[in-house]
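Order of the sequence lines fixes the chain letters, A, B, ..., with proteins taken first and strands second; residue numbering starts at 1 for each chain.
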Amino acid sequence: MRLSKMFLPTLKESPATAEVVSHKLMLRAGMIRKLAAGVYSLLPMGVRSLRKVEAIVRSEMNRAEAEEVSMPVVIPSELWKESGRWDLYGKELLRLKDRHGREFCLGPTHEEVITDMVRGELRSYKQLPVNLYQIQTKFRDEVRPRFGLMRGREFVMKDAYSFHATDECAEREYEVMRRAYMNIFERCGLEFCVVEADSGSIGGSFSHEFMVLADTGEDAVASCTKCDYAANTERAELRSVESFKTSDDKKIVEVSTPGVKTIDEVSEFLKADPKSFIKTLIYEADDNVVVVLLSGYSDVNELKLKRILDVDTLELASDATIEEVTGAPVGFAGPVGLKDKEVKIYADWSVRDIPSAITGANKKDTHIENVSPERDFKAEYVDLRIAVEGDLCPRCEGGRFEIRRGIEVGHIFKLGTKYSEAMGAVFLNENGKERPMIMCCYGIGIGRTAAAAIEQNHDEAGIMWPRPLAPFDCHIIPVNMKDEGCVGAAEALYNSLKEEGLDVLLDDRKDRAGVKFNDADLIGIPVRVTIGPKTLKEGSLELKLRKETDARLIPKDKAVEEVMAALNGL
RNA sequence: CGGGGCGUAGCGCAGCCUGGUAGCGCGCCUGCUUUGGGAGCAGGAUGUCGGAGGUUCGAAUCCUCUCGCCCCGACCA
């Protein structure tokens, strides 16, 4: 491609609204432009780079013998009503009506459509398994889209769905896909890790996320320093505490704490360590009220709580409910004495580790000291906290958690029969018995992967594309467009490299060298060849890798081989 | 949804408090010079000041409503 003819509007300054590096650089490098919140157009440079991601994804999916299909973006509401998600999915599902008033939605994910596609067609265990995928635009009306392609409302996703006759078969395919995903992200040149994850509203029995490690990541990953356990912190299990720490038998005493409510305030007021507090939270779960206890320094993991309670909705109780349950204003709740009120108390394991605790007294302006969990209240002990740095690993002896930030670029789920049962996707097994198909699904954010690659590969001057994702392989810069030798050599190299099958960018604009160099650094093509009159006189050109600071001279008549060699070394 | 902020030229911003005929830098166009890390000089074009209503002799500026965008939180495959 000739840069003089390319639609490549680069920017010197970052638009004010961009916050993260990948977003800023994608805007500056002329890859994307915003149309509305979370909705972007891809410019030629953006398309090129996303196509590279798609090509890698497609080739690995095909190699794993999944088959490509293409499903509609506009989906009739009936399918979503069948699965039950029309009512459960919430506002993220963009709903619309056609001219007849029939309801549709824009597909945020395609379990319903694919299930509808195979049911009726696949009737026998002999026709299973199948694995179908597509690369397609999705729409999710996110509450807060941000960071450009990282979290858009409209985005390109590769989604795959497999159908099986048996659990074993489903799990085998899950493993095949896990490997395919590892190949994909390795081929993209990304530093990533695979973690256990929560399956969220998509449902299912287990799932793994593929996380590109980057400080700007929206997810936190806990990984063991000793064994290979790694999980999203919203999922990470913690080591259980089986026995109570013995208390020293002091009697409970009330202390007056006028107007002092939060753990910080009370610990300051009583000159007590926050670790000796039991934090009491009151939740409304579906239609019930539950009380949750944690050690004073930890935070509740609402996903774990939701799973334990097996409820759809969970939120902190209103002030009125808290007063009703505890008999005291907000800020003085505690577990002691609550047993009369028919509320279920769940305590995190960490509470067992506090022999003599301070809690609210369920009485205005009052706390109590010397509370002994075993002696003074009954609770069900479960894993409820969010994992933090230094927590003990649940899987090995002596390992501890390390917490890092990650960008979720891929997610695979074993769904089980959630959709096949709801939608009647059944087959006949060897015994002629009707059974729901076992399903798995597998997703990759294409644009997000490209964005994550930039987060991981950039410097002050711009993008440093990993070769496999780069919009072009080689960038040729004739330094002076009025120098015939210079232009001639550039044209010749441009043509030869194209003949080698490379994607080549020739900066044939009549601009000064500085402009070209700065744009080159910004758009980040991995190999750059500079052709200037000075070195040309000696029969050489300059070859520079974007990731290295220094250029080296190469003989003009060996230029093609040198460029190929440099690319192969990347 | 709660809290905060911003909408003025393609981009980045000033002007608003204290009302008086819209400005700066970059970019863009023309010409000459320049040509190895975002050139210099000269000339030039570009605005429903997000929108609607109001106050006023007069509104980018004050008031009301509204739309859009961004950040933090809540929420979320």
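Within the shown strands, nothing qualifies as a pairing partner of A59(B) under the Watson-Crick or G-U definition with both distances less than 3.5 Å. Taking a pair to require two hydrogen-bonding distances under 3.5 Å in either a Watson-Crick or a G-U wobble arrangement, C24(B) pairs with G12(B). As the counterpart of A39(B), U33(B) is assigned, both hydrogen-bonding distances of the Watson-Crick or G-U wobble pattern falling under 3.5 Å. Across all strands shown, the partner of C6(B) is G68(B), judged by Watson-Crick or G-U wobble contacts whose two distances both fall under 3.5 Å. Using the Watson-Crick or G-U wobble rule with both distances under 3.5 Å, A74(B) pairs with nothing in any strand shown.
Judged by the 6.0 Å distance and 45° axis criteria, Arg95(A) is positioned over the aromatic ring of Trp86(A).
As rounded to the nearest Å, G10(B) and G5(B) have P atoms that lie 27 Å from one another. Comparing the same atom, C1', in G68(B) and in A45(B) gives a spacing of 29 Å after rounding to whole Å. A distance of about 15 Å separates the P atoms of C26(B) and G43(B), rounded to the whole Å. With both ends at atom C1', the span from G51(B) to U18(B) equals 27 Å, rounded to whole Å. Spacing of C1' atoms, U48(B) relative to G4(B), comes out at 30 Å, to the nearest Å. Distance noted for atom P between C70(B) and C13(B): 15 Å (whole Å). When the C1' atom is compared between G58(B) and C67(B), the two are found 27 Å apart, to the nearest whole Å. Rounded to a whole angstrom, the distance from the P atom of U55(B) to that of C16(B) is 25 Å.
Among the heavy atoms of the strands, none lies under 4.0 Å from Gly443(A). Within the 4.0 angstrom heavy-atom criterion, base atoms lie near Glu542(A). Within 4.0 Å (heavy atoms only), Asp519(A) reaches at least one base atom of the nucleic acid. Within 4.0 Å (heavy atoms only), Arg28(A) reaches at least one base atom of the nucleic acid. Looking at heavy-atom distances under 4.0 Å, Glu234(A) makes no contact with the nucleic acid at all. At the heavy-atom level, Asn518(A) lies under 4.0 Å from base atoms of the strands shown. Residue contacts shown for Arg151(A) include a base, since a base heavy atom lies under 4.0 Å away.
For Leu522(A) and G37(B), the CG to C1' distance is 14 Å, given to the nearest whole Å. Across the protein-nucleic acid pair, Leu88(A) atom CG and C75(B) atom P stand 18 Å apart, rounded to whole Å. Distance Asp507(A) CG to G37(B) P: 15 Å, rounded to the nearest Å. Rounded to whole Å, the distance from NZ on Lys482(A) to C1' on G36(B) is 16 Å. Summarising the geometry, the separation between CD1 on Ile477(A) and C1' on G38(B) is reported as 12 Å, rounded to the nearest angstrom. Atom pair His23(A):NE2 and C70(B):C1' shows a separation of 10 Å (rounding to whole Å applied). The interatomic distance linking Arg144(A) (CZ) with A74(B) (P) rounds to 10 Å, in whole Å. One can place CG of Leu536(A) at 13 Å from C1' of G36(B), the figure rounded to the nearest angstrom.
Distances shown here put a side-chain N or O of Lys306(A) below 4.0 Å from the OP1 or OP2 atom of C76(B). Regarding contacts with the backbone of U35(B), every side-chain N or O of Lys516(A) stays at 4.0 angstrom or more from both OP1 and OP2.
The base of G37(B) is paired with the side chain of Arg528(A) by a donor and an acceptor separated by under 3.5 Å. The base of C72(B) lies outside donor-acceptor range of the side chain of Arg146(A), with no N or O pair under 3.5 Å. For a distance-only test at 3.5 Å, the side chain of Asp521(A) qualifies as a donor-acceptor partner of the base of G37(B).
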Can Tyr174(A) and His208(A) be said to form a ring pair (Phe, Tyr, Trp, His ring centres under 6.0 Å), step by step?
CA-CA 10 Å; Tyr174(A) 186 91; His208(A) 285 87; 5.8 Å; yes

Show the numbers, then the answer: is there a side-chain hydrogen bond (donor to acceptor under 3.5 Å, both in side chains) between Thr115(A) and Tyr161(A)?
CA-CA 9 Å; Thr115(A) 305; Tyr161(A) 308 86; over 6 Å; no

Give the C-alpha distance, both sets of side-chain angles, the deciding distance and a yes or no for ring pair (Phe, Tyr, Trp, His ring centres under 6.0 Å) between Phe206(A) and Phe413(A).
CA-CA 6 Å; Phe206(A) 56 84; Phe413(A) 303 79; over 10 Å; no

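For Asp519(A) and Arg509(A), the salt-bridge test passes: some basic side-chain N is under 4.0 Å from an acidic carboxylate O. By the 4.0 Å N-to-carboxylate-O rule, Arg85(A) lies close enough to Glu111(A) to be salt-bridged with it.
Of all nucleotides listed (C75(B), G36(B), G38(B)), G36(B) comes nearest to the side chain of Thr530(A). Considering only side-chain atoms of Glu142(A), the nucleotide from G36(B), C69(B), C76(B) that sits closest is C76(B).
With contacts defined as side-chain heavy-atom distances shorter than 4.5 Å, the pair Ile523(A)/Leu505(A) qualifies.
Comparing Thr10(A) and Glu92(A) against RNA chain B, the residue whose closest nucleotide sits nearer the 5' end is Thr10(A). If you find the closest nucleotide of RNA chain B to Gly445(A) and to Arg512(A), the one lying nearer the 5' end belongs to Arg512(A).
Side chains of Ser83(A) and Glu112(A): a donor-acceptor N/O pair is present below 3.5 angstrom, by distance only.
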Sub-3.5 Å pairs of nitrogen or oxygen atoms, protein against nucleotides 9-13 of chain B:
unit_1: G12(B); atom_1: OP1; unit_2: Ala16(A); atom_2: N; d: 3.0
unit_1: G12(B); atom_1: O2'; unit_2: Glu13(A); atom_2: OE2; d: 3.4

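Classification of the Phe210(A)-Tyr181(A) ring pair by plane angle, with boundaries at 30° and 60°, yields tilted.
In this structure, the ring of His110(A) has its center no less than 6.0 angstrom from the ring center of Tyr419(A).
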